[in-house]
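As structure tokens, the structure follows; a few thoughts come after it.
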Amino acid sequence: FSNEYFRLLIEERWSPKMTHNGKPWNGPDQYEDSTGKLMMLPSDMVLVQDPAFKKIVEIYAKDENAFFADFASAFSKLLELGVDYPSVKPWYKFW
């Protein structure tokens with residue numbers, strides 16, 4: 001678990017996939033790095049094409065701790081989604 005995804009978006013040069021194993025690429029739109037071993041989808045590339053999203057990608061690429069903090073906050077919200085915690089009395093009983 002790291003900020004590698006964001007670093008790759010910024011640091012690698014991505015180009016549309018045109019061939020695969022020497023044959024024309026007929027699959028869905030994809031982008032690949034210069035080695036052809038890594039790929040990104042159009043939905044990934046939008047994150048660096050849109051100015052508002054690109055600012056966030058650049059922050060996360062440079063500062064892994066910022067990504068971790070924001071991820072922890074968002075993931076916590078997802079885990080607690082729909083769970084009420086107003087009760088003072090525990091919902092469990094050991095005796």
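This is a predicted model, so every value here is computed, not measured.
- Linking Ile, Leu, Val, Met, Phe, Trp and Tyr residues whenever their side-chain heavy atoms come within less than 4.5 Å places F1 and V57 in a single cluster.
- Scored by the ring pair (Phe, Tyr, Trp, His ring centres under 6.0 Å) test, F75 finds F71 as partners (sequence neighbours excluded).
- Not counting sequence neighbours, N21 has no partner by the side-chain contact (heavy atoms from CB on, under 4.5 Å) test.
- Residue pairs that meet the ring-ring contact (aromatic ring centres under 6.0 Å, His included) test with at least one member in residues 25-45, sequence neighbours left out, are H20-W25.
- A side chain to side chain donor-acceptor pair (under 3.5 Å) check over residues 58-70, counting only residues at least two apart or in different chains, returns the pairs Y60-D70.
- Between atom CD1 of residue I10 and atom CD1 of residue I59 there is a gap of 10.5 Å, rounded to the nearest 0.5 Å.
- Taking the side-chain contact (heavy atoms from CB on, under 4.5 Å) definition, one finds that T35 meets it with D33, K37, sequence neighbours left out.
- Taking the salt bridge (charged side-chain N to carboxylate O under 4.0 Å, His left out) definition, one finds that E4 meets it with R7, sequence neighbours left out.
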Indicate every side-chain donor-acceptor pair of residues 44-53 with a distance under 3.5 Å to a residue at least two apart or in another chain.
| from | atom 1 | to | atom 2 | distance (Å) |
| --- | --- | --- | --- | --- |
| D44 | OD1 | Y5 | OH | 2.6 |
| D44 | OD2 | L41 | N | 2.8 |
| D50 | OD1 | A52 | N | 3.0 |
| D50 | OD1 | F53 | N | 3.1 |

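- When side chains are defined from C-beta on, I56 does not count as touching F6, because their heavy atoms never get closer than 4.5 Å.
- Screening residues 20-32 for salt bridge (charged side-chain N to carboxylate O under 4.0 Å, His left out), with sequence neighbours left out, gives K17-E32.
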